[in-house]
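One structure is given below, encoded as structure tokens.
Below, chains carry the letters A, B, ... as their sequence lines are ordered, and counting in each starts from 1.
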There are 2 protein chains.
Amino acid sequence: MNIGQAAEAAGLPAKTIRYYEEIELIKPRRDDNGYRAFAPEDIHKLAFLARARALGFTIEECRALLGLYEDESRASEDVKKLAQVHLARIDAKIAELRALRATLGELVDACAGDNRPDCPILNDLAAPAPGARGAKAR
Amino acid sequence: MNIGQAAEAAGLPAKTIRYYEEIELIKPRRDDNGYRAFAPEDIHKLAFLARARALGFTIEECRALLGLYEDESRASEDVKKLAQVHLARIDAKIAELRALRATLGELVDACAGDNRPDCPILNDLAAPAPGARGAKAR
DNA sequence: ATGAGGCTTCCAGCGGCTGGAAGGTCAACC
DNA sequence: GGTTGACCTTCCAGCCGCTGGAAGCCTCAT
């Protein structure tokens, strides 16, 4: 199976697959002509990686997950810990974005959005209103 | 005012300020010794940039905002549009993260997290459960 | 004169790809 | 046999927004 079909099967761009080989996430063998030859288990791994990446795991976490996946004597605890770390990261990011959203939403609401120059958004960026951004909690 | 004090005053690392000069967001004059000399309006701009960046605007959006800020004949509509685009981006990101959070949360809850190898997280990564991820809506 | 702490420039690297150039290979068709 | 055209290969550069570090100059206090 060449890289084109592998890409199709795994749902990843060929470029990404080459990159994954470069960083040694996968090690497909080569045909005599130098073409990568993907075995079913390579495809399987690629699909695994695609899904782990889609869930937001970093490449290094994916490497670890793949290692655990292939280790029959793993403890599910180790997998769960990785996932929990990632979950906490997601939660932190959501909280951060929500705070931004709140501030920015207020500013947008306060802005007339007409052809006059006066603009609460710019005013806030130039010197944030003392109570407008959660007082002292940043 | 040298870069150290400017960094202190604006709440940005000196490295970042040099970078902002390189990409021409600011143009501080130079002393005879080659040191950057920051005028009060430079500091003001840097603080503006720091706040705009903290709200998640991209560098190019910050450039546009700064331009509008300095343009006395601006229309607040233009500022508002920029902010709304960014707001939509934030909302999209939040929605995306929430979807991830939901999926990952379920998997974490389903995982025993003990010393046995069986793990729903890995199982899902290897072949997602057909109904587990929003059916067909991806 | 020396040393500490600023400042300068330049280059490299982070993550995770992505685009593009230059060239080899293969299968099909005339 | 020749020629497309689609595939494959490698390598280098770039995205964003910094950040770290090296090498060297400037300034001020001792």
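Below the 3.5 angstrom threshold, one finds a donor paired with an acceptor across the side chain of Lys15(B) and the base of dG21(D). Not a single donor-acceptor pair, N or O on each side, falls under 3.5 Å between the base of dG16(C) and the side chain of Tyr20(A).
Rounded to whole Å, the distance from CG on Leu49(A) to P on dG16(C) is 12 Å. Between Glu21(A) atom CD and dC11(D) atom C1' there is a gap of 14 Å when expressed in whole angstrom units. Rounding to whole angstrom units, CD of residue Gln5(A) and P of dA6(D) are separated by 16 Å. Across the protein-nucleic acid pair, Arg89(A) atom CZ and dG15(C) atom P stand 12 Å apart, rounded to whole Å. In this structure, CD1 of Ile17(A) is placed 10 Å from P of dT9(D), rounded to the nearest angstrom. Separating the CD atom of Glu24(A) from the P atom of dG16(C) is a distance of 17 Å, rounded to the nearest angstrom. Rounded to an integer number of Å, the gap from Ile3(B) CD1 to dC25(D) C1' is 16 Å. Atom CG in Asp32(A) sits about 18 Å away from atom P in dG24(C), given to the nearest Å.
Residue Tyr35(A) places its side chain closer to dC7(D) than to any other of dC26(D), dC7(D), dT19(D). If you check dC8(D), dT8(C), dT10(D) against the side chain of Asn2(A), the one that comes closest is dC8(D).
Note on Arg18(A): a base of the nucleic acid sits closer than 4.0 angstrom, heavy atoms only.
Dashed line: the shortest gap from a side-chain N or O of Arg30(A) to OP1 or OP2 of dT10(D) is under 4.0 Å. Contact annotation: Asn33(A) side-chain N/O to dC8(D) OP1/OP2 distance is not under 4.0 Å. Note on Thr58(B): every side-chain N or O is 4.0 Å or more away from OP1 and OP2 of dC16(D). Taking only side-chain nitrogens and oxygens, Arg63(A) never comes nearer than 4.0 Å to OP1 or OP2 of dG15(C). For Arg36(A) and dT10(D), the shortest distance from a side-chain N or O to OP1 or OP2 is below 4.0 Å. Taking 4.0 angstrom as the limit, Arg53(A) places a side-chain polar atom (N or O) nearer than this to OP1 or OP2 of dC17(C).
The aromatic rings of His44(B) and Tyr69(B) sit perpendicular, their planes meeting at an angle over 60°, well past the 30° parallel limit.
By the neighbour-count criterion of 12 heavy atoms within 6.0 Å, atom CD of Glu8(B) is sparsely surrounded, having that number or fewer from other residues, nucleotides or ligands.
Exactly one of Leu68(B), Val79(B), Leu82(B), Leu55(B) qualifies for a side chain to side chain contact (heavy atoms under 4.5 Å, CB included) with Ile121(A). That residue is Val79(B). The only member of Leu46(A), Ile59(A), Ile17(A) that meets side chain to side chain contact (heavy atoms under 4.5 Å, CB included) when paired with Leu25(A) is Ile59(A).
Side-chain contact check for Ser76(A) and Asp114(B): at least one donor-acceptor pair (N or O, by modelled atom type) lies under 3.5 Å.
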